Peer 1: 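I have a structure here, written as structure tokens, and I will follow up with some questions on it.
Reminder, nothing fancy here: chain letters follow the sequence lines and each chain counts from 1. None of the values given here were measured: they were computed from a predicted structure.
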Amino acid sequence: MTSQGSGIKKLLIANRGEIAVRIIRAARDLGIRTVQVVSEADREMLAARMADEVMVIGPVQAAKSYLDIDAVLKAVSESGADAVHPGYGFLSESAEFARRVSELGVTFCGPDAATIERMGDKVNARTAAIEAGVPVVPGSDGRVAGLDAAVEVAERIGYPVMIKAAAGGGGRGIRIANTREELIAALPTAMNEARAGFGDDGVYIEAFIRNARHIEVQILGDGTRAVHLFERECSLQRRRQKVWEEAPAVALPDSVRADLCAAAVRLAEGVSYRGAGTLEYLYDMDREAFYFIEMNTRIQVEHPITEMITGVDLLREMLLIMGGEPLSLKQEDITARGHAIEVRINAENPDKNFFPAPGVLETLKVPGGPGVRFDTGVCEGDTIPPYYDSLLGKLIVWDRTRDAALAKLAGALGELQIGPKPTTASLHAALLMAPDIISGSVSTLWLEDWLATRAEDIRKSA
Amino acid sequence: MAITQIEAALPGLVFHRPSPEAEPFKAPGDAVAVGDTLALVEVMKSFIPIEAEVAGTFKGYAAPDGESIEPGDVLCEIEVSE
């Protein structure tokens with residue numbers, strides 16, 4: 001078979017599981033040979049069985065295999081690969097890895113190390129966004145000098161506002177003020193607490209977004225030009241882990257969608273972005289405004305829903321660009337059609353606080369039919385190792401409308417047989433019955449609230 | 001004095017310390033109270049604390065720090081106080 005002309009001849013996959021399988025399929029379609037690196041726990045995994053070559057790079061611990069830059073680079077040199085695909089997680093956003101791969105004269109399938117470094121740093125990414133005219137969460141841009149300055153900022157951006165300790169982090173040192181009076185009362189306390197807690201009384205003011213949706217825009221860039229492939233909504237999260245994703249985002253007014261996507265292209269072109277990337281935004285339902293929060297400089301877990309609504313194979317486009325071709329897509333050629341939903345099937349027990357459930361997968365019967373896709377890195381009979389993340393597979397459905405996609409998801413979940421260990425498939429079946437899910441009335445806090453209520457119901461009925 | 005062996009219930013990686021730089025949870029000779037954390041087992045990126053169900057004196061770790069364990073493997077030993 002002849003390739004479509006990718007400049008890549010031999011691709012090393014520095015990842016595992018379902019995304020390794022996905023990358024191998026995209027490479028195979030382009031006539032690119034594949035080298036799969038594995039830890040000792042993964043010698044028999046599906047991606048290793050599919051790849052043209054397999055190299056064991058270390059023991060079961062990720063730190064000594066998939067995260068060990070020297071071990072991966074040794075395999076790159078020995079295999080003669082001319083490109084490396086990092087997938088997501090592991091070394092995908094390591095600027096050092098990207099730099100050292102290119103120092104070998106090998107293509108890193110992602111943006112260059114400097115771009116990863118710049119966009120991976122929250123402050124630098126925010127600056128890049130502001131330079132590209134992309135809205136960021138409004139705030140004081142640094143410390144407020146005192147009460148008058150704080151009030152001035154708050155009245156400019158509108159209440160409610162957050163008072164955040166400059167030296168705080170991880171949600172600590174935050175107070176909410178809903179009115180001017182509350183701000184005046186809370187500021188001195190917040191500064192005292194900041195001094196006591198962090199040894200620094202500096203505070204800054206930021207808009208408090210009570211009712212937020214997580215909306216992200218997929219982009220592809222070739223270093224000169226970038227296009228967007230519309231948005232995904234990933235508001236359903238537990239402990240900041242996405243659980244259920246949809247494309248397009250139902251709650252977004254068309255004018256906001258256009259602005260959001262255009263802003264993503266501006267930012268991608270502003271940093272001469274190369275490869276596939278995602279700009280994450282918070283959409284404030286009360287203010288009907290969106291704010292850039294961060295950029296992921298890699299392919300994402302939930303990329304298939306974008307593929308389903310646009311018909312674009314993102315991994316293929318990524319490999320073509322990294323092989324040296326200019327972006328083949330023009331913005332006007334990319335259209336979104338219908339509605340897609342992805343649910344993550346994790347080896348976790350949703351009835352026991354998502355306790356991990358590795359072990360032998362005795363049964364795996366995958367659903368089928370038009371508009372149904374199941375991306376996985378495991379087969380029936382495989383042993384799911386305890387050393388890596390719990391993602392077993394992703395069930396993706398597409399249909400002409402969201403209602404039809406929800407019905408299709410229910411049918412596909414009914415067909416899916418996976419066990420005997422618990423998985424999050426049962427959670428998704430329960431979510432499909434929730435009125436807020438059916439109407440799409442969710443926020444980033446919705447799932448945790450719903451889970452807490454459900455846990456209480458289970459406890460009472462026990 | 002009876003020696004109790006604490007066995008792993010889950011497969012994963014066993015850690016003797018809360019973080020790589022920290023001291024081990026227990027050293028041989030340390031007193032153990034019921035509920036004390038003895039080790040962490042990392043399973044699918046979750047860290048599950050292994051807590052003592054008996055009181056006594058810590059004898060030592062059987063499974064090496066940072067290495068993989070299977071259910072039934074001995075993690076550590078406690079000399080139970082009467």
Side-chain angles (χ1 to χ4, degrees), chain A residues 15-18 38-43 45 56 58-68 88-90 170 238-243 301 344-350 352-361 377-378 382-393 420-424, chain B residues 4-28 32-55 58-78:
Chain A
N15 212 298
R16 63 179 304 281
E18 69 87 19
V38 298
S39 75
E40 279 166 9
D42 284 340
R43 288 169 186 271
M45 73 174 172
V56 179
V60 300
Q61 293 91 336
K64 297 176 184 172
S65 50
Y66 300 107
L67 286 169
D68 184 336
Y88 52 69
F90 293 125
R238 177 181 171 271
R239 297 187 176 169
R240 296 183 169 269
Q241 295 293 309
K242 295 165 188 165
V243 167
V301 176
R344 299 191 187 191
I345 312 295
N346 294 340
E348 294 168 1
N349 186 346
K352 289 199 171 152
N353 202 24
F354 296 83
F355 201 82
V360 179
L361 190 65
V378 296
D382 283 1
T383 298
I384 312 304
Y387 313 112
Y388 317 107
D389 75 29
S390 59
L391 184 67
L392 290 176
K421 301 275 184 168
T423 73
T424 52
Chain B
T4 290
Q5 295 187 324
I6 311 297
E7 291 180 3
L10 288 162
L13 298 172
V14 64
F15 292 98
H16 297 179
R17 1 179 144 244
S19 64
E21 312 77 41
E23 291 295 306
F25 290 105
K26 294 290 177 190
V32 175
V34 172
D36 282 2
T37 299
L38 304 170
L40 296 176
V41 176
E42 182 187 350
V43 189
M44 295 181 145
K45 296 166 108 177
S46 289
F47 288 86
I48 317 284
I50 306 301
E51 289 169 1
E53 289 171 4
V54 293
F58 192 75
K59 297 299 286 179
Y61 290 103
D65 196 13
E67 293 301 317
S68 72
I69 44 145
E70 293 295 327
D73 285 358
V74 177
L75 298 179
C76 57
E77 292 181 332
I78 296 170

Peer 1: Distance check, rounded to the nearest 0.5 Å: Glu40(A) atom CD versus Ser68(B) atom OG?
Peer 2: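 It is 9.5 Å, given to the nearest 0.5 Å.
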
Peer 1: Tell me, side chain or backbone of Pro385(A) under 4.5 Å from chain B's heavy atoms, or both, or neither?
Peer 2: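 For Pro385(A), the contact with chain B is made by the backbone alone.
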
Peer 1: So for Phe355(A), is it side chain, backbone, both, or neither that comes closer than 4.5 Å to the heavy atoms of chain B?
Peer 2: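 Answer is side chain: those atoms of Phe355(A) sit under 4.5 Å from chain B.
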
Peer 1: Heavy atoms only: give me the nearest Gln61(A)-Gly66(B) pair and the separation to one decimal.
Peer 2: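 Here Gln61(A) and Gly66(B) meet closest at NE2-O, 2.8 Å.
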
Peer 1: Which pair of non-hydrogen atoms, one from Pro11(B) and one from Pro386(A), has the smallest distance, and what is that distance?
Peer 2: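 Heavy atoms only, the tightest pair is O-CB, 3.5 Å.
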
Peer 1: What part of Ala347(A) lies closer than 4.5 angstrom to a heavy atom of chain B: side chain, backbone, both or neither?
Peer 2: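 Contact with chain B is through both the backbone and side chain of Ala347(A).
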
Peer 1: Is it the case that over 12 heavy atoms from other parts of the model lie below 6.0 angstrom from the CD atom of Glu51(B)?
Peer 2: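 Counting neighbours around CD of Glu51(B), more than 12 heavy atoms of other residues, nucleotides or ligands fall under 6.0 Å, so yes.
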
Peer 1: For residues Lys45(B) and Asp389(A), report the shortest heavy-atom separation together with the two atoms involved.
Peer 2: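 Where Lys45(B) meets Asp389(A) most closely, the heavy atoms are CD-CB, 3.6 Å.
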
